[in-house]
**Student:** 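This is the structure I have questions about; it appears just below.
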Amino acid sequence: METTAAELAAKLGVSLEGDGACRVSAVAGVREAGPGEVTFVANPKYAPLVAVTKASVVVVPKDWDKPCPSPAVFRSENPEKTFSQIALWFAPPPVKLTPGIHPTAVIASDVVLGKDVYIGPCCVLEPGAKVGDRSVLVAQVYVGHGAVVGSDTKLYPQVTLREHVQIGSRVIIHNGSVIGSDGFGYNVDARGVRTKIPQIGIVVVDDDVEIGANVTIDRARFGRTKIGKGAKIDNLVQIAHNVVIGENAVIVAQVGIAGSSQIGARAVLAGQVGVAGHIVVGEGSTVGAQSGVPQDVPPNTFVLGSPAIPAEDEKRRIFSVMRLPRLKQKVAELEKRLKDLEQRLPS
């Protein structure tokens, strides 16, 4: 769909500077954008790229004061949000799946299906399962015995919901994720032989959660593993048994959370964070990328490193380590000077 910069600015409610008649039909990143495309920038460090971009329209913050030679400029309170709206405007229309049941689906006789559901090719729904109104199981989805899927939820191909898992409404689960596999629990005897501990709990995923691809969330040993309302979980995350994730928490790719830990509301675990068992990460806290968390994190704090400590302390530690080569060289020079002085002294 092609439109003019002026028409697009009016739809978005943003201010326009420059040529409102220039035509745009696509979006692109600031590095690769060309004529007819819209790009955006929110961070001043990308100013050199804005100065040379070939994009027809650049979305910038309201207070942007760097050079911007593009034909048209949109000023926005939230450039990233505005750009997302533009991307949706130009995106291909979503594939519409007509409600119904594919003939290759295997559905137990007592499964309860809501109104206007879509059950795609090769899905399996075991006895006692329930699927709410307007939910979509795209293809090869497995819904175990007694599992419940809420309304307006979408499960992409090869999602597995094990027995008695409870998924809320408006949840999105991406390809290959496994919800409700057994927790990693064993008794060990004096010889080091491990015997499996039955994992008889469940997983509860509240409303408005999004779970990325190839995520694994273990069922509780007893009770429940819980993912709070509005939480967002990236790809390749492991959440162990009896973990509780608070509302609107963000768990970024390759995070691993050991059993019985609690992640507070609005907390953020950046990429490759590891959280030990029985740890509490306070609400509103941020754990920096690749950090290891062996102890509780207070609410509304930013920690970093392994073991994770307050971020400013970790930054000072890193800076000190970076100075070690210079300090080593300085010590060597001082030792040489001292040796020269000693050789000059009378014996």
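This one's a predicted model, so the numbers in the text were calculated from it and none came from an experiment.
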**Student:** A side-chain contact here means heavy atoms from C-beta on lying under 4.5 Å apart; do Leu161 and Leu155 qualify?
**Tutor:**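 Yes, at least one pair of side-chain atoms sits under 4.5 Å.
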**Student:** Identify the two heavy atoms, one from Val237 and one from Ile251, that lie closest to each other, and give their separation to 0.1 Å.
**Tutor:**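 So the minimum-distance heavy-atom pair works out to CG1-CG2, 3.8 Å.
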**Student:** Check this for me: does any side-chain nitrogen of one of Lys336 and Asp340 sit under 4.0 Å from a carboxylate oxygen of the other?
**Tutor:**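 A salt bridge is present here (some side-chain N lies under 4.0 Å from a carboxylate O).
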**Student:** Counting only heavy atoms not in Arg224, do more than 12 sit closer than 6.0 Å to its CZ atom?
**Tutor:**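 12 or below, so no.
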**Student:** Within a 6.0 Å radius of atom NZ on Lys54, are there more than 12 heavy atoms belonging to other residues, nucleotides or ligands?
**Tutor:**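 Not buried by this count: 12 neighbours or fewer within 6.0 Å.
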**Student:** Could you tell me whether the side chain of Ser306 and the main chain of Gln290 form a donor-acceptor pair under 3.5 Å?
**Tutor:**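 No, Ser306 side chain to Gln290 backbone: no donor-acceptor pair under 3.5 Å.
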**Student:** Here's a test for you: under side chain to side chain contact (heavy atoms under 4.5 Å, CB included), which of Asn248, Thr286, Val287 qualifies with Val268?
**Tutor:**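 With Val268 as partner, Asn248, Thr286, Val287 yield a single side chain to side chain contact (heavy atoms under 4.5 Å, CB included), made by Thr286.
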**Student:** Going by heavy atoms in the side chains, are Thr3 and Trp89 under 4.5 Å from each other?
**Tutor:**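 Counting from C-beta outward, Thr3 and Trp89 do come under 4.5 Å.
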**Student:** Taking the side chain as everything from C-beta on, heavy atoms only, tell me whether Val204 gets closer than 4.5 Å to Asp206.
**Tutor:**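 Yes; the side chains approach each other to less than 4.5 Å.
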**Student:** Please check if the side chain of Ser177 supplies one atom and the backbone of Gly212 the other of a donor-acceptor pair under 3.5 Å.
**Tutor:**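 Checked: pair present.
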**Student:** Out of curiosity, Asn300 CG to Arg266 CZ, how far, rounded to the nearest 0.5 Å?
**Tutor:**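 Here the interatomic distance stands at 6.5 Å.
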**Student:** Do Val205 and Ile173 come close enough that some side-chain heavy atom pair is under 4.5 Å?
**Tutor:**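 SC-SC contact between Val205 and Ile173 ruled out.
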**Student:** Evaluate Val24 against Ile86 for side chain to side chain contact (heavy atoms under 4.5 Å, CB included), listing each step before the verdict.
**Tutor:** CA-CA 10 Å; Val24 288; Ile86 296 169; over 6 Å; no
**Student:** Determine the minimum heavy-atom distance between Gly264 and Ala249, stating which atoms define it.
**Tutor:**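 For Gly264 versus Ala249, the nearest heavy atoms are O-CB, 3.8 Å.
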**Student:** Are there more than 12 heavy atoms of other residues, nucleotides or ligands under 6.0 Å from atom CD of Glu32?
**Tutor:**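 Enclosed: over 12 neighbouring heavy atoms sit under 6.0 Å from CD of Glu32.
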**Student:** Are more than 12 heavy atoms, taken from residues, nucleotides or ligands other than Phe319, located less than 6.0 Å from that residue's CZ atom?
**Tutor:**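 At most 12 heavy atoms, drawn from other residues, nucleotides or ligands, come within 6.0 Å of this atom.
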**Student:** Salt bridge or not for Asp152 and Arg134, using N-O below 4.0 Å?
**Tutor:**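 Yes, Asp152 and Arg134 are salt-bridged.
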**Student:** Which pair of non-hydrogen atoms, one from Pro61 and one from Arg75, has the smallest distance, and what is that distance?
**Tutor:**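 Scanning both residues, the minimum pair turns out to be O-NH1, 3.4 Å.
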**Student:** Mark yes when over 12 heavy atoms from residues, nucleotides or ligands other than Phe184 sit less than 6.0 Å from its CZ; otherwise mark no.
**Tutor:**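 Incorrect, the count does not exceed 12.
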**Student:** Does the side chain of Cys22 reach to within under 4.5 Å of the side chain of Val57, using non-hydrogen atoms?
**Tutor:**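 Of all side-chain heavy-atom pairs linking Val57 with Cys22, at least one is under 4.5 Å.
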**Student:** Determine the sole option in Gln199, Arg162, Gln238 for which the side chain to side chain donor-acceptor pair (under 3.5 Å) test with Asp218 is passed.
**Tutor:**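 One option only clears the test, and that one is Gln238.
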**Student:** When you measure from the side chain of Ser260 to the backbone of Val243, do you find a donor-acceptor pair of N or O atoms at a distance under 3.5 Å?
**Tutor:**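 It does not hold such a pair.
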**Student:** For Lys229, is the NZ atom crowded, meaning more than 12 foreign heavy atoms sit under 6.0 Å from it?
**Tutor:**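 Yes, because the 6.0 Å sphere around NZ of Lys229 holds more than 12 heavy atoms from other groups.
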**Student:** How close do Asp19 and Ala5 get, counting heavy atoms only, and between which atoms?
**Tutor:**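 In terms of heavy atoms, the two residues are closest at O-CB, 3.8 Å.
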**Student:** Less than 4.5 Å apart, any side-chain heavy atom of Ile257 and any of Leu269?
**Tutor:**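 Result yes, sub-4.5 Å side-chain heavy-atom pair found.
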**Student:** For the CD atom on Glu77, are there more than 12 heavy atoms of other groups (residues, nucleotides or ligands in this structure) within a distance under 6.0 Å?
**Tutor:**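 For Glu77, atom CD is not crowded (no more than 12 foreign heavy atoms under 6.0 Å).
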**Student:** Start with the C-alpha gap between Lys339 and Glu342, add the side-chain angles, then the distance that decides, and say whether salt bridge (Lys or Arg N to Asp or Glu O under 4.0 Å) holds.
**Tutor:** CA-CA 5 Å; Lys339 185 176 180 180; Glu342 287 176 340; over 6 Å; no
**Student:** Give the minimum heavy-atom separation between Gly246 and Ala231, together with the two atoms involved.
**Tutor:**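 Looks like O-CB, 4.0 Å.
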**Student:** Can you measure from CD (Glu210) to CD1 (Ile172) and round to the nearest 0.5 angstrom?
**Tutor:**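 Output value for this atom pair is 4.0 Å.
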**Student:** What pair of heavy atoms forms the shortest contact from Arg219 to Val203, and how long is it?
**Tutor:**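 Arg219 and Val203 have their closest heavy atoms at CA-CG2, 3.5 Å.
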**Student:** What I want to check is whether the side chains of Thr225 and Asn242 have a donor and an acceptor closer together than 3.5 Å.
**Tutor:**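 On atom types as modelled, these side chains do not qualify, holding no pair under 3.5 Å.
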**Student:** Please answer whether the main-chain N or O of Gly36 pairs with a side-chain N or O of Ser56 as donor and acceptor at a distance below 3.5 Å.
**Tutor:**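 Side chain of Ser56 to backbone of Gly36, a donor-acceptor pair under 3.5 Å: yes, one is there.
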**Student:** With a cut-off of 6.0 Å (strictly less than), are more than 12 heavy atoms of other residues, nucleotides or ligands near NZ of Lys196?
**Tutor:**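 Yes, the 6.0 Å shell around NZ holds more than 12 heavy atoms from other groups.
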**Student:** Tell me whether Asp207 is salt-bridged to Arg170, with the criterion being a basic N under 4.0 Å from an acidic carboxylate O.
**Tutor:**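 Yes.
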**Student:** For Ile211 and Ile217, run side chain to side chain contact (heavy atoms under 4.5 Å, CB included): C-alpha distance rounded to whole Å, both residues' side-chain angles, the deciding distance at 0.1 Å, then the answer.
**Tutor:** CA-CA 10 Å; Ile211 297 171; Ile217 303 177; 3.9 Å; yes
